[in-house]
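Each ligand, and each atom within it, is numbered from 1 in the order the structure gives. None of the values given here were measured: they were computed from a predicted structure.
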Amino acid sequence: MSAQQEIKRLTAPDIRARKGGAPIVCLTSYHAHTARILDQYCDVILVGDSLGMVMHGLETTIPVTLDMMILQGRAVMRGSRRALVVVDMPFGSYEQSKQQAFASCARVLKETHCGAIKLEGGRRMAETIAFLVERGVPVMAHIGMTPQSINVLGSFKARGREEAEWAAFDDDARAVAEAGAFSMVIEAVAEPLARRITADVPIPTIGIGASPACDGQILVLEDMLGLSPRVPKFVKRYSELGPSIGKAVEAYAAEVRSRAFPGPEHVYGMKHKDR
Ligand code: KIV
């Protein structure tokens, strides 16, 4: 058996078993090269529908299609070997009926070979989640601020900052856990609410703008690397790659204009003819 075959990929049940244990490290990736780097450090790589905004400059995730998710999901699977890869279901691919959801999820699992899917919604998606899980589709739920509902919500602002709002989010969390989701993302809610949900549900919570008490954390890779021009308050920038890329491109442009690049070491000479 080769060394390559010995690495076992994490599964949805492995992540489910991490409730209350060591924090689950998650980041987004949409490409093979970044997936290769993340794979060394992350338990879960999410191919998020945020790719619509990050890669394509869209204002929201609404226009993202199933084909876009599948293309990038395949790239991330090719680049990774150990992390559980979760692919987001885009708006319009799963909400209409349980049957529509299963057909879309089956395409994602068959065409990307990823280990799980993620979908947005709490109580309203519980029946669909149960239907999918019973039929072999591991589901990561996503509650709190759900970006695919932007046209109904009106803004990406944090939720649950008034205690009167909490009951609905508590109910969403319990409903997706009871339906069989193996974990749930909690996005942009008041910290005490995320802490309380984490204590209340039997499955791991993955926070983004939520609480350090969550069972894991996730960020959008380009946001934490300093590549995204505008980021929400909950993003910590671990690098400033934007300005570094700017400097590199400025140096390249100057060298092309002055003919300093390419140098002799970057061009091909003729093959020597010995005879
Ligand atoms: O699409 C995405 O990147 C996400 C994360 C922000 C959780 O859903």
Run the numbers on T128 and Q99 for side chain to side chain contact (heavy atoms under 4.5 Å, CB included), then give the verdict. CA-CA 9 Å; T128 298; Q99 290 74 13; over 6 Å; no
Show your working on side chain to side chain contact (heavy atoms under 4.5 Å, CB included) between Q217 and I206 and close with a plain yes or no. CA-CA 5 Å; Q217 300 294 330; I206 311 293; 5.7 Å; no
When distances are taken from atom 5 (C) of ligand 1, the protein heavy atom at minimum range is L46 CD2, 3.7 Å
Neighbour count above 12 (heavy atom, 6.0 Å) for Q40 CD: yes
Mode of I206 contact toward ligand 1 - side chain, backbone, both, neither (heavy atoms, under 4.0 Å): neither
Please report the shortest heavy-atom distance between R74 and T112, naming the atom on each side. CG-CA, 3.8 Å
Got an N/O contact under 3.5 Å between D49 and ligand 1? yes
What atoms of ligand 1 come within less than 4.0 Å of a heavy atom belonging to H142? 8 (O)
Find all atoms of ligand 1 within a distance of less than 4.0 Å from any non-hydrogen atom belonging to G48, and give their numbers and elements. 1 (O), 2 (C), 3 (O)
Could you go through the side chain to side chain contact (heavy atoms under 4.5 Å, CB included) check for H142 and E187 one step at a time? CA-CA 7 Å; H142 184 155; E187 179 163 357; 2.9 Å; yes
Proximity of I208 to ligand 1 by residue part, where a heavy atom lies under 4.0 Å: side chain
Write out the residue and atom name of the closest protein heavy atom to atom 8 (O) of ligand 1, then the distance separating them to 0.1 Å. K118 NZ, 2.9 Å
Among protein heavy atoms, which sits nearest to atom 3 (O) of ligand 1, and what does the distance come to when rounded to 0.1 Å? S50 OG, 2.5 Å
Should the pair R174-D200 be classified as a salt bridge under the 4.0 Å nitrogen-to-oxygen rule? yes
Could you tell me which non-hydrogen atom of K98 sits nearest to which non-hydrogen atom of E127, and how far apart they are? NZ-OE1, 3.3 Å
Distance filter under 4.0 Å to D88 heavy atoms, resulting ligand 1 atoms: 1 (O), 2 (C), 8 (O)
Side chain, backbone, both or neither: which applies to T28 and ligand 1 if a contact is any heavy-atom pair less than 4.0 Å apart? side chain
